[in-house]
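Basis for what follows: all heavy atoms, side chains included, without hydrogens, waters or symmetry-related copies. Residue numbers begin at 1 in each chain, while the letters A, B, ... track the order of the sequences. A quick note: this is a predicted structure, and the numbers were derived from the prediction, not measured.
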Amino acid sequence: MKKETLTAIIFGIFLGGVVAFFIINKTKEIELNKNKVIAPKNNLNNNKNIPDNTQAQPLEITSPQDGLIVSQNSTSIAGKVEKDTLLVIQSPIKDMTFLTIKSDFKISFPLALGENVIKIVAYPKNKTFRPQEKDLKIYYIDSEL
Amino acid sequence: MKKTLLISLLVTLLLSYLAISTYGQTEIASESATPTTASSVEDSDIKTLKEKVANKVSEIRQKNNKAISGFVLSNKSSIIKLKTYENEEFEVELDDTLTKYFKITGIQKKEIKADDIEKDDYIIVTGVLVDKRITANSVFVDEGFLVEVGKVAEIDKENYSIKIVTTAKDNFTLDIEDSTKQSMLNIKTNEAEAAGFSKIKEGDTIHFVVKQLAINKNNSYSAVKILIIPQEYFLK
């Protein structure tokens with residue numbers, strides 16, 4: 001085999017290798033982007049109030065969503081919190097205080113016509129933990145509108 | 001030399017073809033995951049896709065139908081500018097024929113006109129929100145409230161006022177009026193009971209509701225209601 005032929009083959013293999021390397025890398029990148037899991041924004045917000053002890057169940061409101069528009073004069077507030085936590089739920093028209101007996105809670109809460117600003121505060125049984133707060137704005141708008 | 005060039009070109013092309021065909025196979029494999037042989041299956045797929053698109057459109061519409069609230073900065077030429085409590089400014093686009101206007105008083109609402117909405121009114125707007133602009137379906141003139149919690153830092157017994165520092169380190173001065181509904185947590189029963197101003201101590205935690213004001217430089221409010229969590233609760 002001539003020297004030039006050998007050079008040409010090596011050169012060809014090298015170029016082909018570069019192209020193959022580039023394509024394989026690009027494929028991997030595309031695959032990675034397809035499978036990437038992006039954490040929902042809510043989860044990021046929930047982390048704000050995690051107590052010092054990360055093992056404790058942080059206050060989490062599963063429903064209703066903040067900013068919800070409803071056509072009834074009451075809503076069901078449900079969520080999760082550490083057992084035996086004192087929950088204080090306050091709005092301009094109603095105050096509620098109760099001790100949670102389970103880690104899940106669900107209560108019916110009255111709404112005034114228009115905007116309802118509701119603050120939910122959890123005082124953990126272990127008093128050394130910081131209280132946790134959540135705010136909700138629920139809009140009760142008549143269905144006839 | 002020409003021969004060399006030709007050979008290198010051929011080898012390059014061959015290797016590139018091999019690499020590209022490998023890449024193509026990966027893509028085709030994922031694309032061909034759904035069986036699309038019979039036309040009935042295709043019809044069914046198209047129907048499902050249409051339903052999904054329709055549901056998504058409905059979901060987006062529902063998602064975009066939002067409510068915002070704040071104080072009116074101006075009301076001119078079918079545009080209301082409002083500022084929220086968080087100091088965000090929005091433009092409210094009014095439609096002469098579609099937008100409805102109401103004033104909420106207690107549990108009742110009364111229809112009003114766009115011109116009745118004045119600067120410093122607290123309004124709730126519902127409609128489709130895009131960025132900082134909302135196309136209004138309805139506008140409600142209402143009262144805005146703040147619901148906060150904090151610790152009592154100072155008590156002025158002569159003027160019946162208390163200074164509070166919230167968990168966000170905001171300072172509030174609350175005037176306790178005759179009309180202020182006052183209650184305190186019974187630490188034995190965990191229920192709220194009626195209480196008076198004399199029961200408040202420095203270091204107590206207070207949940208409070210105040211009416212929002214368009215202009216308030218000192219964060220001084222007349223309290224609508226307060227709920228005291230005595231410090232003894234935290235020593236239990």
Interface moiety of A:Ile93 toward chain B, non-hydrogen atoms closer than 4.5 Å: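 Interface part for A:Ile93: backbone (N, CA, C, O).
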
Non-neighbouring partners of B:Asn186 that pass side chain to side chain donor-acceptor pair (under 3.5 Å), sequence neighbours left out: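 B:Glu193.
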
Taking [atom1] in [X] as the centre, count heavy atoms belonging to other residues, nucleotides or ligands within less than 6.0 Å. Is the count above 12?
X: B:Lys151; atom1: NZ; value: yes
X: A:Lys102; atom1: NZ; value: no
X: B:Glu232; atom1: CD; value: yes
X: B:Asp131; atom1: CG; value: no
X: B:Tyr85; atom1: OH; value: yes
X: B:Gln108; atom1: CD; value: no

Chain A contacts: which residues in residues 176-184 of chain B have a non-hydrogen atom closer than 4.5 Å to it?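 Within residues 176-184 of chain B, near chain A: B:Ser183.
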
Taking C-beta and beyond as the side chain, do [X] and [Y] meet within less than 4.5 Å on heavy atoms?
X: B:Phe140; Y: A:Leu113; answer: no
X: B:Ile229; Y: A:Val121; answer: no
X: A:Ser91; Y: B:Phe145; answer: no
X: A:Pro92; Y: B:Lys211; answer: no

Is there any ring pair (Phe, Tyr, Trp, His ring centres under 6.0 Å) pair reaching into residues 96-124 of chain A, and which pairs are they, with sequence neighbours excluded?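 Passing the test, one end in residues 96-124 of chain A: A:Tyr123-B:His207, A:Tyr123-B:Phe234.
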
[X] portion near chain A, given a 4.5 angstrom heavy-atom threshold:
X: B:Asp142; value: side chain
X: B:Val149; value: both
X: B:Ile107; value: backbone
X: B:Thr205; value: side chain

Distance under 6.0 Å and angle within 45° of the ring axis: does A:Lys127 meet both against B:Tyr233?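 Yes, A:Lys127 lies over the aromatic ring of B:Tyr233.
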
So, taking the atom named CG in A:Leu86 and the one named CG in B:Leu185, what distance separates them when rounded to the nearest 0.5 Å?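 A:Leu86 CG to B:Leu185 CG: 5.5 Å, rounded to 0.5 Å.
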
Rounded to the nearest 0.5 Å, how far does OH of A:Tyr140 lie from CD1 of B:Ile124?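 The distance works out to 12.5 Å.
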
Residue pair [X] / [Y]: nearest heavy atoms and the distance that separates them:
X: B:Glu148; Y: A:Gln90; answer: O-OE1, 4.3 Å
X: A:Ile69; Y: B:Asn65; answer: CD1-O, 3.8 Å
X: A:Asp135; Y: B:Val147; answer: OD1-O, 4.5 Å
X: B:Ser69; Y: A:Lys137; answer: OG-NZ, 3.8 Å

So which of A:Ile118, A:Leu99, A:Asp95 has the biggest tally of heavy-atom pairs under 4.5 Å with chain B?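 Of the options given, most contacts go to A:Asp95.
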
With A:Asp84, which residues qualify under salt bridge (Lys or Arg N to Asp or Glu O under 4.0 Å), at least two apart?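 A:Asp84 satisfies salt bridge (Lys or Arg N to Asp or Glu O under 4.0 Å) with A:Lys125 once adjacent residues are dropped.
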
Among B:Ile68, B:Leu235, B:Thr167, which residue has the highest count of heavy-atom pairs closer than 4.5 Å to chain A?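 Top option by heavy-atom pairs under 4.5 Å: B:Thr167.
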
